[in-house]
**Student:** 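What follows is a single structure, and I will ask about it in a moment.
Both backbone and side-chain heavy atoms feed into the values below; hydrogens, waters and symmetry mates do not. Note on naming: letters A, B, ... go to the chains in the order of the sequence lines (proteins, then strands), and numbering restarts at 1 for each one.
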Amino acid sequence: MTQLTLHDSQRRANVPFQPLDPEHVRVYYCGPTVYDLPHLGNLRAMLTADILTRLLRRLYPRVTFVRNITDVDDKITARAAANNETIAQLTERTTAEFHADLAAMNMLPPDIEPRATHNIEEMVAMIAHLIELGHAYEAEGHVLFAVASFPSYGALSGRDTDELVAGARVEVAPYKRDPGDFVLWKPSRPTQPGWNSPWGRGRPGWHIECSAMSHRYLGENFDIHGGGSDLLFPHHENERAQSLCCFPGSTFANYWVHNAMLLVDGEKMSKSLGNFLTIRDVLARGPVEALRLLLMGAQYHSVLNFTWDGLDEARRTLDRFYRALEMAGPLDVEDRPLPAAFLAALCDDLNTPLAIAELHAMATAALAGNKDAAVDLLASGRTIGLLMQEPEAWFRGEAGDGPSEAEIDALIAERLAARTAKDFARADAIRKELSDKGVMLEDGSSGTTWRRA
RNA sequence: GGUCCGGUGGCAGAAUGGUGAUGCAGCGGACUGCAAAUCCGCGUACGUGGGUUCGAUUCCCGCCCGGACCUCCA
């Protein structure tokens, strides 16, 4: 079996992946805070998780992939108030939209998708235990994690606590013992969501939920923890601190995987900058499968600059792959083993650009008439969530406001008659007419086919 | 200011201590009534200054440039 190598953020190096239990690989990913539609940058992180877990399922007999939904957060509270709806309405709707967007991009659902609000008890228990062990303290209704009680704080993100203090630009709350201390539990006003706890009615800090849910569903020690690189600090650093302190002797995640940011015009795509795009924006310009390919066009560990030209190019690339499949006719990929070079590319720290280059090699062979290569192409593409459609459906697309299939067929028949009669002026007029409406005709040896531009 | 990541041909984007992927775009040709698709052929790159080496795009150091994080963030 090909050895999977991953870039581990904590070791800052590519390392061979060795699961704790080869019979059961366990992965935790930070999911969305459900207050708005996911943007393309969010989707990049979800896609990295999708490719990683798809690959793990190829390599190991059992994989448990947990990805949480953060449904309690001050941004949610604020947005619900602004929308004049309840928090539950907002989070339910946004969660449904999130699921729909991921499904549209052929992402597989996680095995377990816990919600923060369903795990408050676990969080309260962990916080209480952290206080018992001297790693947390109560102050003015808050419970704070005492960074000084954990010597290896900063080891994950590569910072030392002195620097953090020196560089801190945030105002330090006066009740903190140490400027780096962070909130585990905070009091809620009556208008804010809250749960009863030993420290009064309140709500959890952001970081504790992932510690509680990963522990509940994966245990004290598990294999991989992933998320966007912007979560490395403070979120993941804090999760790690809480979990390791709460469960002495445990290791928490053995490998940390962080995807780099998606940029727009050289800047991070983010909601706070307002430069974000959602799937809805993309759909107006091209199929979502092209977006998926575009996001795989750079290795997950590198920043990727989103451009509309890039989306168009990804679509043309898929045209080429689908053309190769179309030429080969019906294919059966059942139980097809993956080509070694393709699998090796994915196992090399999810080197999707190299894997796509392998797809091109398969497509070239398939276009030359090698049907076996076409089967390889389809099997390989589908393992990374591509080439899910029939070629004809890909090329013909949605009619939208263009001519219907019946109208197109009628014009093709008329054009055929004109061509037979050598009336090329009429034939070309029909080609032009359809072309103006976004339908391209292609005369082949077995008749005329068409596709939408 | 601190930490981290990166700078490859017109564009996107890999690998690699020694004959420089892959795709898109461009150019020439074949095929086609015309096109499209396909096929054949062509060109152009390693931010910068040093060092190590028989030899560096690949390793090391300085500098310049870009991005991320240090605050909510995928």
Side-chain angles (χ1 to χ4, degrees), chain A residues 7 9 12 29-33 35 38-49 67 70 73-75 78 154 157-160 162-171 180 206 226-237 258-263 266-273 276 293-294 296-305 307 309-310 312-317 319-321 323-324 326-327 345 348 351-361 363-364 367-369 395 418-419 422-425 427-428 431-432 435 440-445 448-451 453:
Chain A
H7 183 92
S9 305
R12 275 168 269 282
Y29 247 83
C30 290
T33 300
Y35 71 103
H39 66 240
L40 267 34
N42 300 323
L43 292 170
R44 185 185 192 194
M46 300 303 118
L47 182 60
T48 304
R67 186 180 59 215
T70 299
D73 179 277
D74 290 351
K75 285 194 295 294
S157 56
R159 299 157 205 264
D160 69 58
D162 295 341
E163 275 170 15
L164 287 174
V165 176
R169 284 187 274 158
V170 272
E171 217 172 303
W206 175 35
S229 66
D230 51 357
L231 297 183
L232 184 56
F233 188 89
H235 184 52
H236 288 161
E237 189 72 57
H258 289 97
N259 61 278
M261 296 295 97
L262 183 69
L263 310 184
E267 267 199 319
K268 175 181 173 180
M269 180 179 288
S270 74
K271 290 187 179 150
S272 50
L273 289 173
F276 64 94
L293 180 68
L294 169 65
M296 294 193 297
Q299 210 248 7
Y300 78 92
H301 200 239
S302 306
V303 293
L304 171 59
N305 197 28
T307 63
D309 285 347
D312 291 341
E313 185 179 330
R315 187 193 169 165
R316 284 193 295 273
T317 297
D319 280 343
R320 178 171 143 87
F321 293 162
R323 185 74 67 181
E326 182 180 53
M327 182 175 276
D348 179 14
N351 192 336
T352 47
L354 190 56
I356 291 165
E358 292 299 332
L359 293 182
H360 275 291
T364 299
L367 286 165
F395 286 117
R419 290 178 72 207
K422 303 280 187 199
D423 181 1
F424 293 121
D428 289 348
R431 177 195 291 290
K432 177 78 164 47
S435 168
M440 313 299 291
L441 296 185
E442 298 175 356
D443 297 325
S445 55
T448 298
T449 58
W450 59 273
R451 65 189 170 92

**Student:** Tell me which nucleotide among B:rA25, B:rG33, B:rU38 gets nearest to the side chain of A:Arg419.
**Tutor:** B:rG33

**Student:** Measuring only the C1' atom in each nucleotide, how far is B:rC69 from B:rG51? A whole number of Å is fine.
**Tutor:** 32 Å

**Student:** Taking all heavy atoms of A:Ala260 and all of A:Ser229, pick out the closest pair and write down the distance.
**Tutor:**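 Between these two residues, the closest heavy atoms are CA-OG, 4.1 Å.
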
**Student:** Rounded to whole angstrom, note down the P distance from B:rG23 over to B:rC42.
**Tutor:** 14 Å

**Student:** Which nucleotide wins on minimum distance to the side chain of A:Arg323, given the candidates B:rU38, B:rA68, B:rG33?
**Tutor:**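 Nearest listed nucleotide: B:rU38.
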
**Student:** Does a side-chain N-to-carboxylate-O contact under 4.0 Å join A:Glu326 and A:Arg323?
**Tutor:** yes

**Student:** Quote, to the nearest angstrom, the P distance that separates B:rU16 from B:rA21.
**Tutor:**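 After rounding to an integer number of Å, I get 14 Å for this pair.
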
**Student:** Which listed nucleotide (B:rC72, B:rU22, B:rG2) is nearest to the side chain of A:Lys75?
**Tutor:**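 The closest nucleotide is B:rC72.
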
**Student:** Among the candidates B:rA36, B:rG23, B:rC24, find the nucleotide nearest to the side-chain atoms of A:Arg316.
**Tutor:**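 Selected nucleotide: B:rC24.
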
**Student:** So does A:Asp428 pair up with A:Arg419, basic N to acidic O under 4.0 Å?
**Tutor:**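 Here A:Asp428 does not pair with A:Arg419 in a salt bridge, since their nearest N and O are not under 4.0 Å apart.
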
**Student:** Expressed in whole Å, how much space separates the P atoms belonging to B:rU32 and B:rC27?
**Tutor:** 23 Å

**Student:** Given A:His236 and A:His258, is the ring pair (Phe, Tyr, Trp, His ring centres under 6.0 Å) satisfied, shown in steps?
**Tutor:** CA-CA 10 Å; A:His236 288 161; A:His258 289 97; 4.9 Å; yes

**Student:** For B:rC59, give the paired nucleotide (Watson-Crick: N1-N3 plus N6-O4 or O6-N4; G-U: N1-O2 and O6-N3; both under 3.5 Å), or none.
**Tutor:**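 Partner of B:rC59: B:rG51.
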
**Student:** Check nucleotides 12-14 of chain B against the protein and report each pair of N or O atoms closer than 3.5 Å, with its distance, or say if there are none.
**Tutor:**
residue, atom, partner, partner atom, Å
B:rA14, OP1, A:Gln299, N, 3.0
B:rA14, O3', A:Asn351, ND2, 3.2

**Student:** Between B:rA45 and B:rU8, how far is it from one P atom to the other, in whole Å?
**Tutor:**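 Result for the P pair: 14 Å, nearest Å.
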
**Student:** Would you mind pulling out the nucleotide paired to B:rU38, Watson-Crick or G-U wobble, both distances under 3.5 Å?
**Tutor:** B:rA30

**Student:** Can you tell which of B:rC72, B:rC69, B:rA68 lies closest to the side chain of A:Leu263?
**Tutor:** B:rA68

**Student:** State whether the side chain of A:Glu442 and the backbone N or O of A:Trp450 hold a donor-acceptor pair below 3.5 Å, judged by distance alone.
**Tutor:** no

**Student:** Could you check which nucleotide pairs with B:rG6 in any of the strands shown, counting Watson-Crick or G-U wobble with both distances under 3.5 Å?
**Tutor:**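 Pairing partner: B:rC65.
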
**Student:** Considering only B:rA35, B:rC69, B:rA74, which nucleotide approaches the side chain of A:Arg431 most closely?
**Tutor:**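 Nearest to the side-chain atoms of A:Arg431, counting from C-beta on, is B:rA35.
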
**Student:** Which value, in whole Å, describes the distance between the P atoms of nucleotides B:rC4 and B:rC60?
**Tutor:**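 That atom pair is separated by 14 Å.
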
**Student:** What integer number of Å spans the C1' atoms of B:rG20 and B:rU58?
**Tutor:**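 It works out to 11 Å between them.
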
**Student:** In whole angstrom, give me the gap between the C1' atoms of B:rG28 and B:rC61.
**Tutor:**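 These two C1' atoms come out 47 Å apart once rounded.
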
**Student:** Is any N or O donor-acceptor pair between the side chain of A:Asp312 and the base of B:rC24 shorter than 3.5 Å?
**Tutor:**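 Result: no qualifying N/O pair found.
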
**Student:** Is the terminal nitrogen or CZ of A:Lys268 (NZ for Lys, CZ for Arg) located under 6.0 angstrom from the six-membered ring centre of A:Phe276 and within 45° of that ring's axis?
**Tutor:**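 No.
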
**Student:** Report yes if the side chains of A:Asn305 and A:Glu267 come closer than 4.5 Å at any heavy-atom pair, otherwise no.
**Tutor:**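 They are not in side-chain contact.
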
**Student:** Quick one: which of B:rC72, B:rA74, B:rC34 gets closest to the side chain of A:Pro234?
**Tutor:** B:rC72

**Student:** Examine the base of B:rA74 for any acceptor or donor lying under 3.5 Å from a partner atom in the side chain of A:Arg44, and report the outcome as yes or no.
**Tutor:** no

**Student:** Is the base of B:rG23 touched by the side chain of A:Arg320 through a donor-acceptor pair closer than 3.5 angstrom?
**Tutor:**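 Side chain to base: no pair below 3.5 Å.
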
**Student:** Can you name the closest pair of heavy atoms from A:Leu304 and A:Ala298 and give their distance?
**Tutor:**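 Nearest heavy atoms, A:Leu304 then A:Ala298: CD1-CB, 3.8 Å.
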
